[in-house]
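Notes to accompany the following structure.
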Amino acid sequence: KRHKFWETQPVGQFKDLGDSSLPEGPIEQPTPLSEVKQEPYNLPTPYEWITCDMDSDEMSNEVYTLLTNNYVEDDESMFRFNYSKEFLLWALRPPGYYRSWHIGVRVKSSKKLVAFITGVPAKIRVRDSVVVMAEVNFLCVHKKLRSKRLAPVMIKEVTRRVHLENIWQAAYTAGVVLPTPVTTCQYWHRSLNPKKLIDVGFSRLGARMTMSRTIKLYKLPDQTATPGFRKMEPHDVPAVTRLLRNYLKLFVVAPDFDENDVEHWLLPKENVVDSYLVESPETHEITDFCSFYTLPSSILGNQNHSSLKAAYSYYNVSTKTPLLQLMNDALIVAKKNDFDVFNALDVMHNETFLKELKFGPGDGKLHYYLYNYRLKHVLRPSELGLVLL
Ligand SMILES: COc1cccc(CC(=N)NC(=O)c2cccnc2OC2CCNCC2)c1
């Protein structure tokens, strides 16, 4: 279980966990750009780097197909994330993105894309410091090329390209424990279509429960309950930015969103992200906000269903409407939009509604990591205000 690669990296090391003399903040200082390795790392002979221009329909199709067939599966290999093409274009082209951070590995002879890793720039506040980081995501190696130690060289290459842009920190998540989590989140699922979830093996019929009793248990009203609850619109960006920036101050680690970021990450985009807000019917003030992103999963080996339509809780702010009621309205609109399940992590204030809104705990954990930034203490999930895609 040794972390041969991670022990060589500027990340919190398990051996340092007790040592509270180590200061919070960057582990290594930036190096002069002239000293950053100018040429790409070496790949095994048959392979070459390819910068993936996601504006190219052909290239974004290849990326979509690689991930569809080779990206993260649940522990029992019953489901595989199936990010849509439009989701990937959204996730990879935020304000200030770098094409050079969309990195592919292809076979020199066949030009076949066999691996992928990405970064996007993000302003992340850690306590009182705002740090420009790379959010690293979508690390994927073709199933047939696993344990060729491609991942370490891909991580070094994205790190090198991030350094070339004078950025020295990164944030990432993983389902596995690496040196060293800043926090470890439990994920939770709320059934919206219990019959399908049981048919495909995502959920099991509870003990002493019939299917009709289960359907009734998860039934939701047809209409939302909160007066003034409506979809977010472009003219709401300034008010939502103010509301969200004020709320995210509560957390130790959180994005430092400006209006451009809010416009990109939170304006509704069909089949990608849904966001709703509460506009007070009296004062027209925007008092609350909720959002979720669309990440279907392929269902591997089921006769009747091939896709699970899943909503993932994103950023939610409640200042007047109780969070419980706000999130119940989110469940209602998700059900109305044919989502089968609504997922959430126990981050921010989510634990205040999970059990009451009939979320059940998932069978895995999601670990959050910072690269080249040490925190004095591991965080509670409720201290984390960052949701990665
Ligand atoms: C249901 O289909 C699945 C297909 C692949 C993996 C998993 C389990 C899993 N690993 N779930 C999560 O990581 C997860 C559970 C709740 C909320 N966000 C999550 O992950 C997000 C954030 C990290 N990048 C992937 C999507 C489920």
Side-chain angles (χ1 to χ4, degrees), residues 66-84 87-88 90-92 116-120 122 134-140 143 170-178 181-194 196-204 253 255 265 272-274 290-302 305-316 327 330-331 334 339-348 350-351 353-354 357 359-370 381-382 384-389:
L66 174 75
L67 293 174
T68 297
N69 297 323
N70 301 281
Y71 199 46
V72 178
E73 297 173 5
D74 70 306
D75 288 349
E76 295 169 62
S77 291
M78 296 173 68
F79 309 99
R80 186 184 306 131
F81 286 138
N82 187 209
Y83 288 88
S84 69
F87 187 106
L88 294 169
W90 170 70
L92 297 178
F116 189 60
I117 188 168
T118 68
V120 292
E135 286 177 356
V136 175
N137 206 345
F138 304 113
L139 168 57
C140 177
K143 282 171 176 273
Y172 51 102
T173 61
V176 291
V177 178
L178 304 167
V182 295
T183 194
T184 293
C185 306
Q186 167 75 48
Y187 39 85
W188 294 72
H189 313 290
R190 206 286 184 183
S191 295
L192 300 176
N193 184 350
K196 176 174 175 182
L197 296 181
I198 290 166
D199 284 356
V200 304
F202 182 88
S203 312
R204 281 187 300 282
V253 174
W265 291 120
V272 171
V273 58
D274 288 82
C290 63
S291 59
F292 50 88
Y293 62 82
T294 300
L295 169 50
S297 277
S298 304
I299 302 171
L300 310 173
N302 182 276
H305 302 280
S306 60
S307 182
L308 185 71
K309 190 174 178 185
Y312 286 72
S313 180
Y314 200 28
Y315 291 97
N316 309 302
M327 293 310 294
L331 294 176
F339 285 91
D340 299 317
V341 63
F342 193 103
N343 296 322
L345 297 167
D346 56 356
V347 297
M348 293 183 270
N350 290 354
E351 69 195 343
F353 62 77
L354 291 168
L357 292 186
F359 283 74
D363 57 7
K365 308 259 183 196
L366 191 68
H367 308 277
Y368 275 74
Y369 300 94
L370 292 178
S382 57
L384 182 71
L386 177 64
V387 178
L388 297 185
L389 302 173

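FYI, side chains are in, hydrogens and waters are out, and symmetry mates aren't considered; it's all heavy atoms of this structure. Both ligands and their constituent atoms are indexed starting at 1 by order of listing. Remember, predicted model here, so these are calculated numbers, not experimental data.
Ligand 1 has Phe202 within reach: a non-hydrogen atom of the residue lies less than 4.0 Å from it. Ligand 1 has Tyr293 within reach: a non-hydrogen atom of the residue lies less than 4.0 Å from it.
When non-hydrogen atoms are compared, ligand 1 lies under 4.0 Å from the side chain of Tyr83 (C-beta onward) but not from its backbone. No part of Val387 comes within 4.0 Å of ligand 1, judged by heavy-atom distances. Residue contacts with ligand 1, taken as heavy atom pairs separated by less than 4.0 Å, involve Tyr187 solely via side-chain atoms from C-beta onward. Neither the backbone nor the side chain of Asn137 comes within 4.0 Å of ligand 1, counting heavy atoms alone.
Between the CZ atom of Phe138 and the OG1 atom of Thr118 there is a distance of 5.5 Å, given to the nearest 0.5 Å. In this structure, the separation between CZ on Arg190 and CG on Asp340 is 13.0 Å, given to the nearest 0.5 Å.
Between Tyr293 and the choices Tyr314, Tyr315, Trp265, the side-chain contact (heavy atoms from CB on, under 4.5 Å) rule is met once, by Tyr314.
Proximity to Ser297 (heavy-atom distance under 4.0 Å) selects the following atoms of ligand 1: 1 (C), 2 (O), 3 (C), 4 (C). Each of the following atoms of ligand 1 lies closer than 4.0 Å to a heavy atom of Leu388: 22 (C). In the vicinity of Glu73, heavy-atom distances shorter than 4.0 Å reach the ligand 1 atoms 5 (C), 6 (C). Residue Leu345 has at least one heavy-atom neighbour below 4.0 Å for each of these atoms of ligand 1: 16 (C), 17 (C).
Of the candidates Asn343, Thr173, Val347, Thr173 brings a heavy atom nearest to atom 23 (C) of ligand 1.
Taking any N or O of Leu389, backbone or side chain, at least one lies under 3.5 Å from an N or O belonging to ligand 1.
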